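Here the structure is a predicted model, which means the values were calculated and not measured.
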Amino acid sequence: MQDSFIADKTNKVKIDTEIEGKVGEIDFTTLKSGGLIKQRQKDMFTVRLRCPGGRVPLSKLEKIVEVAKKYAGDYVHLSFRQSLELPYVDYRNFKAVYDELAEGSQKVASCGPRIRVPTACSGCEYNPNGLMDTQKMAKLVDERFFAQEMPHKFKISFSGCPIDCARTNENDLGFQGAVKPEWNEETCTGCRICSKACREGAIVSDSESGKPVYYPEKCLYCADCIRACPTDSWQGKVKGWIVRVGGRHGRHPLSGHKIAEFILDEDVPAFIETVTEWYAENGKEYGRTRIGAILQIPERWDAFLKTLRKRLGDKIIENPKPPSKNEIHFE
């Protein structure tokens, strides 16, 4: 069905470069899957670039600007998922755009029902709040999982700490850095600094000794107490990823909830493989349906947990909650 807001009277154009394994007349849906998104203006497309973790080396950025000046409009767009987009590209220039971007090792992204480019915050490289290396993991996901076909789109994000800039609860699979603190009484001077640093009330100073009383059920695993302690009496007992599954934004958002905690870097690929393989197999009968909607079905949620526990064992927490609705239109 032709969109009345799109000026083109057909839903396909003839392309002289390979897109999604095809050459020649290619429909707009296939082009969108290849990262070439039809605009309402006749013959015009937006080219979405592959920028894992939102990081673009200067050498690539220089080439992108060069290509944009020649073939796109007078600006680039920063998408909400950290991709650079070149609007107002005539489809007749696709081959030139692809070839010249390749000279700078810059690739075009993809859309459609597949694993998308991962998003990530700056992580622990230079952000003082960062606990885990998000950029390393975004690179790993991009290299190993990008563009694998799924029943619907599948988005993965990495946040380096509980501030959660990458919104792990709004992605199909989200990983958020965390550190569980441990207190050493022998070196503690009772200075009360840790209780002042804790914004969650997880640490309260004893009224007489000044030494901390720790309430783990209130702890966000943010490491503020560790960073603040002048005697290093607070240390990281265990560090890793909090994992959330089944979130999405859009017309009818879902909030993904914690399913695992303190997953190590080396466990992340197996976790992604287990979740995406389950989704690829069990999502078929539901058509273009996000994994979060499927996991709201009680028997599917139970089957999903059984599969995860079989492969990942005690890394899965007890009694995790399935994704829940976060309705914004019909409140």
F262 and its ring pair (Phe, Tyr, Trp, His ring centres under 6.0 Å) partner, picked from F175, Y221, W241: Y221
Heavy-atom pair with the smallest gap, counting every atom of [X] and [Y]:
{"X": "S110", "Y": "S33", "answer": "CB-O, 3.1 Å"}
{"X": "A202", "Y": "C198", "answer": "N-SG, 3.3 Å"}
{"X": "P87", "Y": "H77", "answer": "CD-N, 4.4 Å"}
{"X": "P151", "Y": "K284", "answer": "CG-N, 4.3 Å"}
{"X": "E261", "Y": "K258", "answer": "OE1-NZ, 3.1 Å"}
{"X": "F145", "Y": "P269", "answer": "CZ-O, 3.7 Å"}

Judged by atom type as modelled, is there a donor-acceptor pair below 3.5 Å linking the side chain of [X] to the main-chain atoms of [Y]?
{"X": "Q296", "Y": "P322", "value": "no"}
{"X": "R167", "Y": "S159", "value": "no"}
{"X": "N171", "Y": "G174", "value": "no"}
{"X": "K38", "Y": "Q41", "value": "yes"}
{"X": "R300", "Y": "G283", "value": "no"}
{"X": "Q135", "Y": "G53", "value": "yes"}
{"X": "Q82", "Y": "C51", "value": "no"}
{"X": "T46", "Y": "E85", "value": "no"}
{"X": "D142", "Y": "V117", "value": "no"}
{"X": "T168", "Y": "R244", "value": "no"}

Presence of salt bridge, R311 and E273, under 4.0 angstrom: yes
Let me check something: do [X] and [Y] share a hydrophobic cluster, defined by ILVMFWY side-chain heavy atoms less than 4.5 Å apart, either directly or through other members?
{"X": "M44", "Y": "L101", "value": "no"}
{"X": "I37", "Y": "V97", "value": "no"}
{"X": "I163", "Y": "M137", "value": "no"}
{"X": "I294", "Y": "W301", "value": "yes"}
{"X": "I291", "Y": "L254", "value": "no"}

F304 and Y279 aromatic centres sub-6.0 Å: no
Quick check: do [X] and [Y] have side-chain heavy atoms less than 4.5 Å from each other?
{"X": "D265", "Y": "M132", "value": "yes"}
{"X": "L31", "Y": "K12", "value": "no"}
{"X": "K60", "Y": "S105", "value": "yes"}
{"X": "F94", "Y": "V108", "value": "no"}
{"X": "Q235", "Y": "N184", "value": "no"}
{"X": "R116", "Y": "C111", "value": "yes"}
{"X": "Y214", "Y": "I203", "value": "yes"}
{"X": "I15", "Y": "L36", "value": "no"}

If you count heavy atoms of other groups shown closer than 6.0 angstrom to [atom1] of [X], is the number above 12?
{"X": "K32", "atom1": "NZ", "value": "no"}
{"X": "E149", "atom1": "CD", "value": "no"}
{"X": "K139", "atom1": "NZ", "value": "no"}
{"X": "R40", "atom1": "CZ", "value": "no"}
{"X": "E217", "atom1": "CD", "value": "yes"}
{"X": "E208", "atom1": "CD", "value": "no"}
{"X": "R55", "atom1": "CZ", "value": "yes"}
{"X": "K42", "atom1": "NZ", "value": "yes"}

Worked check of side chain to side chain contact (heavy atoms under 4.5 Å, CB included) between T119 and K155: CA-CA 8 Å; T119 56; K155 299 176 180 179; over 6 Å; no
Step-by-step side chain to side chain contact (heavy atoms under 4.5 Å, CB included) determination, I297 to Y286: CA-CA 12 Å; I297 304 169; Y286 298 96; 3.6 Å; yes
What is the distance from atom [atom1] of [X] to atom [atom2] of [Y], rounded to the nearest 0.5 Å?
{"X": "K107", "Y": "R50", "atom1": "NZ", "atom2": "CZ", "answer": "4.5 Å"}
{"X": "K14", "Y": "I26", "atom1": "NZ", "atom2": "CD1", "answer": "11.5 Å"}
{"X": "I328", "Y": "R251", "atom1": "CD1", "atom2": "CZ", "answer": "11.0 Å"}
{"X": "C194", "Y": "D224", "atom1": "SG", "atom2": "CG", "answer": "11.5 Å"}
{"X": "I193", "Y": "T189", "atom1": "CD1", "atom2": "OG1", "answer": "7.5 Å"}
{"X": "N169", "Y": "I242", "atom1": "CG", "atom2": "CD1", "answer": "13.0 Å"}

With E185 via salt bridge (Lys or Arg N to Asp or Glu O under 4.0 Å) - residues at least two apart: none
Side-chain donor-acceptor pair present, T187, S233, cut-off under 3.5 Å: yes
From CA spacing to verdict: side chain to side chain contact (heavy atoms under 4.5 Å, CB included), Y71, D90: CA-CA 7 Å; Y71 302 110; D90 191 305; over 6 Å; no
Check against side chain to side chain contact (heavy atoms under 4.5 Å, CB included), L86 and I64: CA-CA 9 Å; L86 311 183; I64 290 168; 4.0 Å; yes
Option among K70, K69, K95, K63 that satisfies the salt bridge (Lys or Arg N to Asp or Glu O under 4.0 Å) test with E100: K70
